[in-house]
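Notes follow once the structure below has been shown.
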Amino acid sequence: MSRTYNFCPGPAALPDAVIYQAQAELPELGDCRASVMEISHRSAAFLNIYQQTDARLREVMNISDDYAVLFLAGGATGQAAAVPLNLTAHNQHAAYIISGHWSRRAAEEARRYCQVTIAGDSAAQQYTTLPTELTIPADTAYLHIAENETVHGVEYANLPTTTLPLVADLSSNIATRVINVNDYGLIYAGAQKNLGIAGVTLVIVRRELIHPQAQTPSVWDYQKQEKSTSMYNTPPTFQIYLMGLMLDWIKQQGGVAAMEKINSQKSRLLYDYLDSTDFYLTPVNSRHCRSRINIPFLLAEESLTADFLAGCAESGLLGLAGHKVVGGVRASLYNSMPLAGVAALVEYMRLFEQQRG
Ligand SMILES: *Cc1c(COP(=O)(O)O)cnc(C)c1O
């Protein structure tokens, strides 16, 4: 089987080793005599998988026991609602920094459940930079950010300074660099970009912050889910199993520190080339705001974009079309993308520029 380089923004590529291990174990897992998809979430075999995945995540991300780790359904979009429903009292304020598509969507969703204060907004800069001047009122439950804006390609190199619990959507950059989990009150992330496949969403939350409201749906009630080890209802079992395989793979590569090193090599390779030519344009020109993970760019001659993308696909470089709200091209360089994939993309870009520039 010949596989391509897949730059899809999400769901995203998986390492070959993970795909083939899942394939080999699909009909019968270990001594289960059944597929992981066919066994009870309360069986000893699955509880073992659950505990191993939880333990590996805590090890790989260095998560202390002050934090609950939940494996939930509903995506990051579900968490945009669950966060205010678990962290704010009725009518309390929460502050949101709007730095792109996903933080804006999170604030819009939260507005249905709490009083939202916009602490900063870079809409006037078309989300090509991070808001700097922040206004955060007193009596605010938390400050929410999307640490990496997957559509607009801006990422915090340093977290904003605040005394409030920081709530961060890490859907597109979780486990791509070393972080100190203690700097956060809550982290949430869908698995389908860096840690596996769609259908399971991680919530890593400091236990003392959990105060669900009376009307919080039970499946998103962190207290209920924590008490029942994410099994208040049937959890996404196959997705949790696959995250375990992905965490094993990350460990084999040398852990998150090794991921961080290769991820910065990957983004540097692409950005160095983009900065060396006028044939391609980068919307994010404040270098300290540039995402290492999602890199949007445009062809200076916009009418060439369709040809460029068609040529990419012919060369085995997939999933490069920009998000519908911004257009152009976007290369997503998640954990599974090898450096060789980015080198192949840059090589193709050079060739296209020579032929059409
Ligand atoms: C992909 C993504 C989302 C949406 O995740 P769903 O699983 O579709 O709900 C939210 N936030 C960020 C930063 C993302 O990259």
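Note that the coordinates shown come from a computational prediction; the quantities given were computed from them, not determined experimentally. We count ligands from 1, going down the list as the structure has it; atoms in each ligand are counted the same way. When reading the values below, keep in mind they use all heavy atoms of this one structure, side chains included, and skip hydrogens, waters and symmetry mates.
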Are side-chain heavy atoms of Leu247 and Met243 found at a separation under 4.5 Å? yes
Qualifying residue, where the test is side-chain contact (heavy atoms from CB on, under 4.5 Å) with Val256 and the options are Asn263, Val178, Asn335, Ile174: Val178
For Lys227, which residues count as a salt bridge (charged side-chain N to carboxylate O under 4.0 Å, His left out) partner, sequence neighbours excluded? none
Roughly how far, to the nearest 0.5 Å, is the CZ atom of Arg104 from the NE2 atom of His101? 7.0 Å
With sequence neighbours left out, what residues match Tyr142 under ring pair (Phe, Tyr, Trp, His ring centres under 6.0 Å)? Tyr96
Pocket residues around ligand 1 (non-hydrogen, under 4.0 Å) come out as Gly75, Ala76, Thr77, Trp102, Asn148, Thr150, Asp169, Ser171, Ser172, Gln192, Lys193
Residues which pass ring pair (Phe, Tyr, Trp, His ring centres under 6.0 Å) with Tyr188, listed by chain and number, not counting sequence neighbours: His144
